[in-house]
Colleague: 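Mind looking over this structure? Questions follow.
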Amino acid sequence: MALIEKLPELVNNDEAFVRRGRFLTAAIKIVVGDEEYWVGIKEGRVVTVECGPFLMRSCDIVFRASAEAWAKFWERYPPPGYQDIFGLTKSGEAEVSGDWLLFMQNLQYFKDLLQAPRRLAAEVWNA
Amino acid sequence: MPEIEPIVGRYIHFPVDGTSYRIYFEEAGQGIPLVCLHTAGSDGRQYRHLMNDSSVTGCYRVIAFDLPWHGKSNPPIGFQDREYRLSTRVYANTVMSFCRALELNQPVVMGCSMGGRIVLELALVHADELRAVIGLESADYQEPWYDTAWLHRPDIHGGEVCAAISSGNMGPHSPNEYRWETLWGYMQSGPGVFKGDLYFYRVDSDFRERVTGIDTSRCAVYIMTGEYDFSCTPEDALRTGKKIPGAKVIIMQGLGHFPMSENPELFRKYILPVLDEIAENTNPPT
């Protein structure tokens with residue numbers, strides 16, 4: 001999905017965003033329906049986005065939801081319940097798995113990262 | 001001339017269950033006492049917009065106090081040797097002790113989130129002392145959606161994680177300025193305080209049976225919930241309202257879990273008619 005492939009420019013051109021993640025180096029996987037994306041983060045910068053499938057490639061955290069759920073999540077003004085990753089996990093529409101300590105230590109960074117594609121829809125509302 | 005707001009802050013001392021507390025409160029306005037209860041892990045600043053709204057303060061004395069352990073209210077002496085855990089009994093006694101200490105006559109009590117939960121208990125147990133209760137993001141119970149153990153441990157910054165947990169539970173139209181001010185309150189919470197509040201919210205306040213005993217002829221009940229609140233959902237509010245004959249349930253479009261602080265302009269469109277109705281339907285203070 002083109003939206004995820006835009007993550008490097010959405011993140012790396014935002015100085016405050018990178019600063020918030022300056023202690024974070026990690027690899028995550030974002031699964032959009034049948035497609036999966038491997039995202040490499042180094043000291044707050046998104047350095048790699050690759051589209052799968054991946055054979056036996058490890059990562060720290062996996063975010064998984066249907067393409068329909070991500071599409072609502074990435075709307076400029078998402079419908080109720082779709083504005084936050086925890087809204088999706090509570091309703092069962094998304095699953096987060098992997099290193100929960102790393103996730104919670106950098107929770108706002110990961111939330112902002114997942115929501116970054118909304119900025120392609122229109123102006124920032126949660127930068 | 002510099003802008004000086006009409007809000008005035010003071011400290012009051014009173015005991016709760018034998019423990020002495022120094023409690024900070026702010027107030028503005030004159031008329032019917034309106035006591036405002038903040039959310040878990042935050043403080044009374046969430047109501048600053050309401051206290052600066054002359055449409056409210058013209059006929060209400062709006063008062064917001066910080067619970068012990070919150071904001072500018074200290075924890076009790078010896079706090080360092082105990083784990084903070086709020087209970088229904090202590091929370092209800094603290095609110096009523098505050099009202100009595102200030103000699104408030106038939107106040108309206110409005111609370112948000114855990115404050116919206118405790119007002120249901122107050123309406124049940126202290127109906128004759130209260131004019132009405134308003135539960136914002138209020139329900140008799142809610143399904144847990146995260147493990148509160150993550151909120152207080154040495155390898156995670158408590159302030160940042162408490163804010164980040166709450167950050168998405170607001171309406172997408174809420175102005176960034178107020179969204180982040182709301183989160184700032186969470187960032188400033190003391191270690192373990194949000195988690196300790198959630199002990200009340202998660203463990204000690206399943207009111208699914210108790211709310212059926214509320215008599216709205218003695219104490220009016222309003223339940224107001226934002227459509228974007230995925231924590232205490234509109235469905236939770238509607239379910240609760242159905243169990244309380246006479247309770248009014250209002251679903252607030254565009255708002256989330258922090259209506260009074262995340263989008264004060266939108267919130268006032270919902271709260272002003274409710275406050276007007278309470279003022280019209282209840283006897284004036286004597």
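These figures come from a predicted structure and were not determined experimentally. Chain identifiers are assigned alphabetically (A, B, ...) following the order of the sequence lines, protein sequences preceding nucleic acid strands; residue numbering begins at 1 within each chain.
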Colleague: I'd like to know which of A/S91, A/P79, A/G81 tops the heavy-atom pair count under 4.5 Å against chain B.
Modeller: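 Answer, by heavy-atom pair count under 4.5 Å with chain B: A/P79.
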
Colleague: Please output the residues of residues 226-244 of chain B in contact with chain A, using a heavy-atom cutoff of under 4.5 Å, in numerical order.
Modeller: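 B/E227, B/Y228, B/F230, B/S231, B/T233 fall under the 4.5 Å cut-off.
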
Colleague: Would you say the side-chain atoms of A/Q83 pair up with the backbone N or O of B/P172, donor to acceptor, closer than 3.5 Å?
Modeller: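 Not a single qualifying donor-acceptor pair exists.
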
Colleague: How close do B/I165 and A/M104 get, counting heavy atoms only, and between which atoms?
Modeller: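 Closest approach of B/I165 to A/M104, heavy atoms only: CD1-CE, 3.7 Å.
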
Colleague: What part of A/L101 gets closer than 4.5 Å to chain B, counting heavy atoms only: side chain, backbone, both or neither?
Modeller: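 It is both, since atoms from each part get that close.
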
Colleague: Is the count of non-hydrogen atoms from other residues, nucleotides or ligands lying under 6.0 Å from B/E265 atom CD greater than 12?
Modeller: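 No.
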
Colleague: Within residues 138-152 of chain B, which residues come under 4.5 Å of chain A, heavy atom to heavy atom?
Modeller: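 So the qualifying residues are B/E143, B/W145, B/W150.
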
Colleague: If I compare all heavy atoms of A/Q105 with all of B/I156, which pair ends up nearest, and what's the gap?
Modeller: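 Looking at all heavy atoms of both residues, the closest pair is CG-CG1, 3.6 Å.
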
Colleague: Quick check: do A/D84 and B/N169 have side-chain heavy atoms less than 4.5 Å from each other?
Modeller: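 Contact flag for A/D84/B/N169 side chains = no.
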
Colleague: Can you name the nearest heavy-atom pair linking B/A164 to A/Q108, along with the distance?
Modeller: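 Heavy atoms only, the tightest pair is CA-OE1, 3.4 Å.
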
